[in-house]
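Taking it in order: structure first as structure tokens, then the write-up.
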Amino acid sequence: MNRAHQHLASVLTEAMRNLGSAQPHVILEKPRDPSHGDVATNAALTHAKELGRAPRAVAEALVGRLALDHDLIESAEIAGPGFINFRFAVPYLHSIAARALRDADHFGESDELAGHRVLIEFVSANPSGPLNVVSARAAAVGDSLVRMFRARGATCEAEFYVNDAGNQVRLLGESVRARYETECGSPAAIPEGGYHGEYLIELARSIRQRYGDHFHNQPAEDAARELGRLAVQHFVDDQRKTLSDFGVPFDRWFFEDELRTQNAEWQALEELRRREATFEREGAVYAATSRFGDVQDWVIVTSDGRPTYFLPDVAYHLNKYDRGYDRVINILGPDHHTFSSRMKAALRALGRDPEKLEVILLQHVTLLRDGEPVKMSKRAGQLIEMRELIDETGVDAARYFFLLRRTSTPLDFDIELAKRHTQENPVYYVQYAHARIESIFRKAGIGYPAGDVDLRPLTAPEELDLLRRLRELRDVLVETTGGRDPHGMTVWLRDVATQFHKFYENCRVLTAPAELQAARLVLCRATQMALQKGLAFCGVCAPREM
RNA sequence: GCCCCCGUAGCUCAGAAGGAUAGAGCGAGAGUUUCCUAAACUCUGCGUCGGAGGUUCGAGUCCUCUCGGGGGUACCA
């Protein structure tokens, strides 16, 4: 919370107590209608009953008792049924610009979440092919969330879980071997349920170039295993590179194989058994998740003795819990909607706090080209890869587009729109505001302003409204991290850009009298810092020229 | 059948923890450059918040039911 809000909260609480409220509960909100001021409270309405007086009477008594600091709050007005509306004082608004220049690269940041440890797992695509566009959305959302949590002082780590063990990897190895054998001149069929993507042909070809007929002369099983390992290595490297080019670094790549070599999945099974959270039916072992809040039970060991993916997953989450995070967040695709209740039930069964685990279900991405859907099918091998998308639209447009909708909403991503350099494209609107500011400084030719400028000449509505917007960055961070959805940042960025463009049209900088010009240059610089920060949270660059 | 997500302007979507007359962008129409980048700005029209009940001072927001759209529902990962 910032200074003005803190002040209001304490002054209001104090006044409520004076009026006889036992436990004042003050809520401050931003009125929808800007003519209602900057901050409003409904305290008079919510406490009318307790105080035995009409809401408006309570409001009047309250306002009469408020010891307002007029450097922060200019006025308090009673409105409607008993709302009290406050307006920021101009000196307070001015202090926001000064602060932006002082804080510079750290503008909007805070230490509210200091000591709070958050783990966000996202993308975690199988190492069986290149990343697709759904992974791209997850990457954009996850990485932005990480950046935003850090800006609030939390210790936040990004993790990618690699399923490099189990049945799918075996199938991958056999599929690669089939392609490899075909390259060697003895055509082989892709196994049932195997991978048909054409990228495996290229991979098999490059493996043969490097290793010759080495695997051709091996027993099929050994060859498949080793080729599987090579394929995993190749795709993990490829995915890492793609994500890195997308501006998405991970703090840790967690390999399922690590868990398996430590027998972690069997230890998890033992612990489930010890806590009597398993049962057997028709030769298979089930986790009795329905007794712990899930709608059904799940097989964890098949009747032929293989663990299903769920068991190592439980082991993995025990591992995360043991690492001591306050929050364990997973960003998953919509096909994993059963994951949350299943894993929480398992954790509850194991005596862990299921509330620490949070699952964000990211809805689908429909790729369009001028309004026409682009078909994606991994099985058929005609997938649109994340790589192609980035190469075609550029990182900035792609990352911004992925944040343009709430995570719970399916996203239509029109490639042609993202490429277009017109006003239909929302990325450029924001970037343009930043470039325009830079251009003012370029023309002025005096470098960036220092913070110790008299800002009192800033009195125009466009100037004050712009300052109001800049102040909101912290609120936006609270909202995006709290709601686990970075989308709100794009809304705010657009609003800042709009407000700046209005200012730009109505308040000329370079032709203004010296003192006004100096103050406006500070405002421009503050806006630039805000835009840079906001865009950086989205993983989008702030160009100096366009 | 069961589970998850979504129904708000012509289109795409915002709407904090329940608040005041429900907002943007795009599209459509009309304007604005002797002036710091017109990738901009200004003005105009646009709504039974899918429907019905309920909770209360007050509901787009919470609860129940219902209709519609999308996705998922393996001893696969």
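Chain letters run A, B, ... following the sequence lines, proteins first, then strands; residues in each count from 1.
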#### Entry: A:Leu361 side-chain proximity, nearest of B:C4, B:C36, B:A39
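Closest nucleotide among those given: B:C4.
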For [range], which residue pairs pass the salt bridge (charged side-chain N to carboxylate O under 4.0 Å, His left out) check, not counting sequence neighbours?
range                       : value
residues 493-508 of chain A : A:Arg436-A:Glu505, A:Arg469-A:Asp495
residues 515-532 of chain A : A:Glu463-A:Arg520
residues 299-316 of chain A : A:Asp304-A:Arg306
residues 476-485 of chain A : A:Glu358-A:Arg484

### Gap between atoms CG and P, on A:Asn425 and B:A39 respectively (whole Å)
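Those two atoms, CG and P, are 14 Å apart.
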Is there a side-chain contact between [X] and the phosphate of [N], meaning an N or O under 4.0 Å from OP1 or OP2?
X        : N     : answer
A:Thr302 : B:A74 : no
A:Ser408 : B:C6  : yes
A:Tyr504 : B:U42 : no

### Task
Could you pull out all residues at least two apart from A:Lys419 that satisfy salt bridge (charged side-chain N to carboxylate O under 4.0 Å, His left out)?
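Scan of A:Lys419 (salt bridge (charged side-chain N to carboxylate O under 4.0 Å, His left out), adjacent residues dropped) gives A:Glu392, A:Glu416.
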### Query
Who pairs with A:Glu256 by salt bridge (charged side-chain N to carboxylate O under 4.0 Å, His left out), at least two apart in sequence or on another chain?
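With neighbours one apart ignored, the set is A:Arg260.
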### Query
Listed by chain and number, what are the ring-ring contact (aromatic ring centres under 6.0 Å, His included) partners of A:Phe160, not counting sequence neighbours?
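By the ring-ring contact (aromatic ring centres under 6.0 Å, His included) rule, A:Phe160 matches A:Phe250, A:Trp253.
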### Message
So, using ring-ring contact (aromatic ring centres under 6.0 Å, His included) as the criterion, who are the partners of A:Phe402 when residues are at least two apart?
### Response
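Testing A:Phe402 for ring-ring contact (aromatic ring centres under 6.0 Å, His included), a comparison that skips the adjacent residues, returns A:Phe413.
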### Query
Which sits closer to the 5' end of RNA chain B, A:His336 or A:Arg508, going by the nucleotide each is nearest to?
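In this pair, the answer is A:Arg508.
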### Message
Nearest heavy atom decides the nucleotide; on that basis, is A:Cys507 or A:Gln363 closer to the 5' end of RNA chain B?
### Response
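The residue closer to the strand's 5' end, by nearest nucleotide, is A:Gln363.
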### Intra- and interstrand pairs of RNA chain B - dot-bracket, Watson-Crick/G-U under 3.5 Å, | marks other strand
(((((((..((((.....[...)))).(((((.......))))).....(((((..]....))))))))))))....
#### Entry: Where protein sits on nucleotides 15-23 of chain B, one letter per nucleotide: B base, S sugar-phosphate only, - none, heavy atoms under 4.0 Å
SBB-BB---
### Query
Going by heavy atoms closer than 4.0 Å, what residues in residues 285-301 of chain A are next to RNA chain B?
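Here the set is A:Val299.
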### Message
Quick test of your reading of the model: are A:Glu112 and A:Arg474 salt-bridged, counting only N-O distances below 4.0 Å?
### Response
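Judged by the 4.0 Å cut-off on N to carboxylate O distance, A:Glu112 and A:Arg474 do not form a salt bridge.
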#### Entry: Contacts of A:Arg468 that satisfy side chain to side chain contact (heavy atoms under 4.5 Å, CB included) - sequence neighbours left out
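Testing A:Arg468 for side chain to side chain contact (heavy atoms under 4.5 Å, CB included), a comparison that skips the adjacent residues, returns A:Asp38, A:Leu93, A:Leu464, A:Asp465.
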